[in-house]
Amino acid sequence: MPNQPEAVLKELKSGKYAPVYFLQGDEPYFIDQITNYIEQHAIPEHEKGFNQIMMYGKDATMNQVLTNARRFPMMAERQVVIVKEAQNLPDLGKEAGDSLLINYLSNPLPSTILVFAHKYKVLDGRKALAKDLDKKAVLVKSDKVPEYKLSPWIDGYLKSKEFSIEPKACQIIAESIGNNLEVLTNEIDKMLINFSEPVQINSNHIQQYIGINKDYNNFELTKALSFRDVLKANKIINHFSQNPKSNPLIPIIALLYLHFSRLLLVHSNRKLGERELAGKLKVNPFFMKEYMIASKNYPIGKVIDNIGYLKEADLRSKGIDANGMTEAEILKELIFKLMH
């Protein structure tokens, strides 16, 4: 089984290094975290000139990579060989290149730390190389954080920096920025440098330091829909229409689809208690009051109709049967249909 990125980082921070790391998957954030840690900490700064080799997949072959990996360190305990963009190695995934790496894995040089940063792709798990890497190397699969796990992830990230965050503020960040972790952590880190000591982050901090309007954002839009607050919903979409680049339509539709899908779950699990239902919906129990009110405002038939309207808007956003409508017009019509 592939290793979890957090577990590998913990091992590295305790000073334990393996001869070979193969980091792969759709989420580059964790791959970069592990690669950067090894690059910065595996050997002392004064040894890096002779004993740290950076290679790029498009400019190398597997034979060249392994020739460097088999080199002994110069006047040092170990060397580091890092292959960035390893997904571009021309012979990786082909018999010749895979055979070379399989051969190396059977007897890796203990004084070398060899790292493959293989982004946006994964090896075919049915092939011999993937099986050998799983047994004989540190194989990491870096997956995207699902939308429903994003708020807990943000909460954990802030706790690792000794900050805390209000549930509403956490949800605003998650729903406004999304699960691009590089962008997400950059925005959070830029906010945190404004504090001399840890505090509890709230929506005012987010508006001040990240620039997400605390009154006009995706979180407030779904809340206005839940409470069937027509005036507030229209104020928000009018604000969005004036700032279309900051409020693209497709992520809004995806978020609203998730919201009404959760309402279907509420209707079909009426016998569950709120805490159990929160687990079923994969939301913080803090938000269950809103979902319970929304389920009363939107009977199951209306929820099903609304999911149909969302699919229709999604097609229009992609140019199908849009009849020349702008994103702002599609959103205004969608919100009207959802609420009436």
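- Annotation for R275: atom CZ does not count as buried by contact number, only 12 or fewer foreign heavy atoms lying within 6.0 Å.
- The number of heavy-atom neighbours closer than 6.0 Å to NZ of K136, taken from other residues, nucleotides and ligands shown, is above 12.
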Name the atoms and distances for all side-chain donor-acceptor pairs under 3.5 Å in residues 41-50, with sequence neighbours left out.
residue	atom	partner	partner atom	Å
H41	ND1	Y37	O	3.1
E45	OE1	K48	NZ	3.1
K48	NZ	E39	O	3.1
K48	NZ	Q40	O	3.3

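- Among residues at least two apart or in separate chains, ring pair (Phe, Tyr, Trp, His ring centres under 6.0 Å) pairs with a member in residues 305-337 are F336-H340.
- The number of heavy-atom neighbours closer than 6.0 Å to CD of E329, taken from other residues, nucleotides and ligands shown, is above 12.
- In this view, Y104 satisfies the ring-ring contact (aromatic ring centres under 6.0 Å, His included) rule with no residue, not counting sequence neighbours.
- We find that E220 and K232 are joined by a salt bridge, their nearest charged nitrogen and carboxylate oxygen being less than 4.0 Å apart.
- Other residues, nucleotides and ligands place no more than 12 heavy atoms under 6.0 Å from the CZ atom of F72.
- Under the side-chain hydrogen bond (donor to acceptor under 3.5 Å, both in side chains) criterion, N284 pairs with no residue, sequence neighbours left out.
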Let's go through E333 and K337 carefully: what are the C-alpha distance in whole Å and the side-chain angles of both, what is the deciding distance for salt bridge (Lys or Arg N to Asp or Glu O under 4.0 Å) to 0.1 Å, and is it a yes or a no?
CA-CA 6 Å; E333 182 184 86; K337 286 181 175 179; 3.6 Å; yes

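- Contacts of D91 classified as side-chain hydrogen bond (donor to acceptor under 3.5 Å, both in side chains), with partners at least two apart in sequence or in another chain: none.
- Applying the side chain to side chain contact (heavy atoms under 4.5 Å, CB included) test between E27 and each of D143, L181, V145, N179 identifies L181 as the sole match.
- For the side chain to side chain contact (heavy atoms under 4.5 Å, CB included) test with Y298, the passing option among I293, N306, L264, D305 is N306; the others fail.
- Applying the 6.0 Å contact sphere to CD of E182 captures no more than 12 heavy atoms from other residues, nucleotides or ligands.
- Shown here is K282, whose NZ atom has no more than 12 heavy atoms of other residues, nucleotides or ligands within 6.0 Å.
- With a 6.0 Å radius and a threshold of 12 heavy atoms from other residues, nucleotides or ligands, D321 has its CG atom at or below the threshold.
- Of the listed residues (L89, I82, V81), just one forms a side chain to side chain contact (heavy atoms under 4.5 Å, CB included) with M55, and that residue is V81.
- The ring pair (Phe, Tyr, Trp, His ring centres under 6.0 Å) pairs that include a residue from residues 116-147 are F22-F116, F22-H118, where partners are two or more places apart or lie in different chains.
- Ring geometry for H259 versus Y291: interplanar angle of 30 to 60°, hence tilted.
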